[in-house]
Number of protein chains: 2
Amino acid sequence: MDATTVLLVDDQALVREGMAMVLGQEPGLRIVGEADDGRAGVQLARLHRPDVVLMDVRMPVLDGIGATREIVTHCPQTRVLILTTFDLDEYAFDGLRAGASGFLLKDASSAELVRAVRTVAAGEAVVSPRITRTLLDRYRQAPVNPPESVRLLEELTAREREVLVAIARGLSNAEIAAELFLSESTVKTHVGRVLAKLQARDRIHVVIWAHRHGLG
Amino acid sequence: MDATTVLLVDDQALVREGMAMVLGQEPGLRIVGEADDGRAGVQLARLHRPDVVLMDVRMPVLDGIGATREIVTHCPQTRVLILTTFDLDEYAFDGLRAGASGFLLKDASSAELVRAVRTVAAGEAVVSPRITRTLLDRYRQAPVNPPESVRLLEELTAREREVLVAIARGLSNAEIAAELFLSESTVKTHVGRVLAKLQARDRIHVVIWAHRHGLG
DNA sequence: CCGGCTGTGGTACCGCGGTACCACGGCCGG
DNA sequence: CCGGCCGTGGTACCGCGGTACCACAGCCGG
């Protein structure tokens with residue numbers, strides 16, 4: 001088996017040097033590139049298709065979240081490990097949603113860093129303990145409750161909510177009409193009102209809204 | 001600072017003995033009791049108020065989930081660490097909802113066990129890597145394992161994936177064309193191929209697919 | 001060197017989605 | 001009792017989305 005290839009993306013050269021120092025002399029690991037902003041990171045990732053990308057969150061040009069999203073889009077087999085300075089960094093959670101395989105505090109020991117890289121390279125996930133705590137808290141609370149969206153939901157009539165979930169399921173107007181025993185005209189009327197109340201320009205945005213807020 | 005007190009709850013005596021062996025000779029740790037079912041575990045926890053409870057999931061009389069729920073209710077400062085044999089154990093996730101501070105596979109090494117106990121005793125959370133992976137998948141609202149979805153994703157070309165995420169963001173063909181510097185015809189071509197490869201009848205189903213599988 | 005894939009582009013066509021506007025019965029509250 | 005909201009329905013219109021088919025350049029692999 002070849003060495004695990006690693007790409008470093010961080011705007012602070014010192015950090016990159018430190019990591020390169022630690023990882024470079026580790027058997028089975030090989031640094032294949034370094035970048036000092038997100039855009040360059042994405043380009044190098046697409047070029048080298050490394051096994052693991054160590055990605056800083058805050059960076060010029062393109063931040064770590066956007067870069068992560070693009071990398072997982074272009075290189076599905078590449079694992080991204082987010083590096084963050086503060087354990088309650090909101091961006092880090094966005095990073096997970098963007099498709100990162102884990103994240104690590106920058107104050108981690110070199111041994112932890114090496115272990116984390118090997119872990120994600122093996123296809124598993126790693127999260128530093130303090131962040132795991134927060135993650136679990138969110139998981140427990142997860143069910144619902146984005147207050148703004150609930151307010152909008154309550155502005156809808158019962159019938160409109162039925163139509164909304166039907167839209168979110170991907171049904172066409174004709175299918176909704178059949179399922180609810182309505183004419184297609186009526187469905188169109190309801191759909192129009194849902195669009196207006198949610199300020200969505202078309203049913204596609206309704207689908208996105210619904211899935212962002214726990215439906216589907 | 002006093003030693004960290006630990007309570008063992010498992011219906012298999014061998015497992016308890018093994019853990020007692022490992023933890024008992026560890027400096028700073030002290031076993032304060034053992035129980036072989038959930039009910040007894042709750043009673044001993046209320047009696048000794050240990051820092052950490054190592055809790056099996058499957059047990060007679062009262063299972064580990066119910067026992068965890070009662071313990072965190074009666075002894076808020078006590079941390080419960082769930083032990084599970086299989087990493088995809090559904091009950092383990094229920095355990096997290098019940099208030100456990102983490103869970104651990106039974107095939108963990110003794111060093112991992114010790115480290116996990118110390119970690120939760122410090123008020124942090126610990127989850128074994130394989131389970132973390134699943135947890136993150138759920139956090140992203142992906143069903144469980146997306147092997148099928150990843151396979152589909154990799155069938156797409158890089159360009160098609162770019163178009164896919166644009167669709168998932170709710171962009172119209174014209175908007176995608178503008179963003180990627182393409183003609184609308186070309187966008188339509190790509191969109192058509194994405195639809196075919198994902199077996200989606202229209203872009204709406206693509207949006208749903210994308211949001212179900214972690215994009216957006 | 002040729003075939004296949006990818007990315008780019010075009011034309012033509014049709015149907016669904018969305019809008020605008022209107023209508024009417026039922027129900028509730030002022 | 002009457003005005004307003006809700007749910008139901010209709011007509012007419014237009015544009016975007018999706019399909020079908022074709023074309024060509026570049027690249028890579030057999």
Side-chain angles (χ1 to χ4, degrees), chain A residues 42-43 45-49 70-71 73-77 151-211 215-216, chain B residues 151-211 215-216:
Chain A
V42 172
Q43 285 162 354
R46 294 178 66 174
L47 181 61
H48 298 298
R49 309 188 81 76
E70 292 197 23
I71 289 175
T73 302
H74 295 298
C75 314
Q77 82 293 354
R151 217 210 68 229
L152 282 173
L153 247 190
E154 285 176 354
E155 278 184 8
L156 299 179
T157 67
R159 206 51 162 165
E160 285 160 2
R161 275 192 290 270
E162 286 188 280
V163 173
L164 167 63
V165 298
I167 293 173
R169 285 166 51 209
L171 302 187
S172 68
N173 288 341
E175 288 168 336
I176 298 173
E179 189 163 295
L180 299 183
F181 304 106
L182 295 175
S183 81
E184 201 170 330
S185 293
T186 304
V187 173
K188 282 192 175 187
T189 305
H190 289 314
V191 170
R193 287 204 253 267
V194 170
L195 295 184
K197 289 185 181 178
L198 297 189
Q199 289 159 358
R201 77 173 174 202
D202 55 35
R203 65 202 299 113
I204 301 193
H205 287 232
V206 172
V207 170
I208 295 173
W209 186 93
H211 280 73
L215 300 175
Chain B
R151 215 210 69 225
L152 283 173
L153 244 192
E154 285 177 354
E155 278 184 7
L156 298 179
T157 68
R159 207 52 161 163
E160 285 161 2
R161 279 194 289 269
E162 286 186 279
V163 173
L164 167 63
V165 298
I167 293 174
R169 285 166 51 210
L171 302 187
S172 67
N173 287 340
E175 288 167 336
I176 298 173
E179 188 162 298
L180 299 182
F181 305 106
L182 295 176
S183 81
E184 201 170 329
S185 293
T186 304
V187 173
K188 282 191 176 189
T189 304
H190 289 314
V191 170
R193 287 203 252 267
V194 170
L195 295 184
K197 290 186 181 179
L198 297 189
Q199 289 159 356
R201 75 171 176 206
D202 55 35
R203 66 202 298 110
I204 304 201
H205 287 230
V206 172
V207 170
I208 295 172
W209 186 91
H211 279 74
L215 299 176

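Chain naming here is simple, since letters A, B, ... match the order of the sequence lines and numbering starts at 1 in each. Keep in mind that what you see is a predicted model, and the values were worked out from it rather than measured.
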For [X], give me all partners under side chain to side chain donor-acceptor pair (under 3.5 Å), at least two apart in sequence or on another chain.
| X | value |
| --- | --- |
| A/Arg161 | none |
| A/Arg49 | none |
| B/Thr186 | B/Ser183 |
| A/Arg169 | A/Glu179 |

Interface polar pairs with nucleotides 21-23 of chain D, N/O, under 3.5 angstrom:
none

Under 3.5 Å, which N/O atoms of the protein pair with N/O atoms of nucleotides 27-30 of chain C?
none

Which atom pair, heavy atoms only, marks the closest approach of [X] to [Y]?
| X | Y | answer |
| --- | --- | --- |
| A/Ile204 | B/Val207 | CG2-CG2, 3.8 Å |
| B/Ile208 | A/Ala168 | CD1-O, 3.2 Å |
| A/Gly170 | A/Glu175 | O-OE1, 4.2 Å |
| A/Glu155 | A/Glu160 | O-OE1, 4.4 Å |
| A/Ala174 | A/Glu184 | CB-OE1, 4.0 Å |

Side-chain contact test, heavy atoms from C-beta onward, threshold under 4.5 Å: evaluate it for B/His190 versus B/Ile167 and give yes or no.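 No, their side chains stay 4.5 Å or more apart.
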Give the nucleotide from the list D/dC6, C/dG18, C/dG7 with an atom nearest to the side chain of B/Thr157.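 Side chain of B/Thr157 sits closest to C/dG7.
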Choosing from D/dT8, C/dG18, D/dG18, which nucleotide comes nearest the side chain of A/Arg159? D/dT8
Five pairs at each end of the helix from C/dC1-D/dG30 to C/dG30-D/dC1: take the axis at both ends and give me the angle between them to 10°.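 One end axis against the other gives 40°.
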Sequence-distant partners of [X], side-chain contact (heavy atoms from CB on, under 4.5 Å), two or more places apart:
| X | result |
| --- | --- |
| A/Gln43 | A/Arg39 |
| B/Thr189 | B/Arg193 |
| B/Leu180 | B/Arg159, B/Glu162, B/Val163, B/Ile176, B/Leu182 |
| A/Leu195 | A/Val191, A/Ala200, A/Val206 |

Return the value, rounded to whole Å, for the distance between atom [atom1] of [X] and atom [atom2] of [N].
| X | N | atom1 | atom2 | result |
| --- | --- | --- | --- | --- |
| B/Leu180 | C/dT8 | CG | P | 8 Å |
| B/Ile176 | C/dG7 | CD1 | P | 15 Å |
| A/Leu156 | D/dC6 | CG | P | 10 Å |
| B/Glu160 | C/dG7 | CD | C1' | 9 Å |
| A/His190 | D/dC6 | NE2 | P | 11 Å |
| B/Leu182 | C/dT6 | CG | P | 16 Å |

Hey, does A/Thr186 reach any base, or is it just sugar-phosphate, or nothing, if we go heavy atoms under 4.0 Å?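 Base contact - A/Thr186 has a heavy atom under 4.0 Å of at least one base atom.
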Across the strands shown, which category fits A/Ser185 at heavy-atom distances under 4.0 angstrom: base, sugar-phosphate, nothing? base
Please write out each protein N/O paired with an N/O of nucleotides 12-17 of chain D under 3.5 Å, distance rounded to 0.1 Å.
from, atom 1, to, atom 2, distance (Å)
D/dG17, N7, B/Lys188, NZ, 3.3

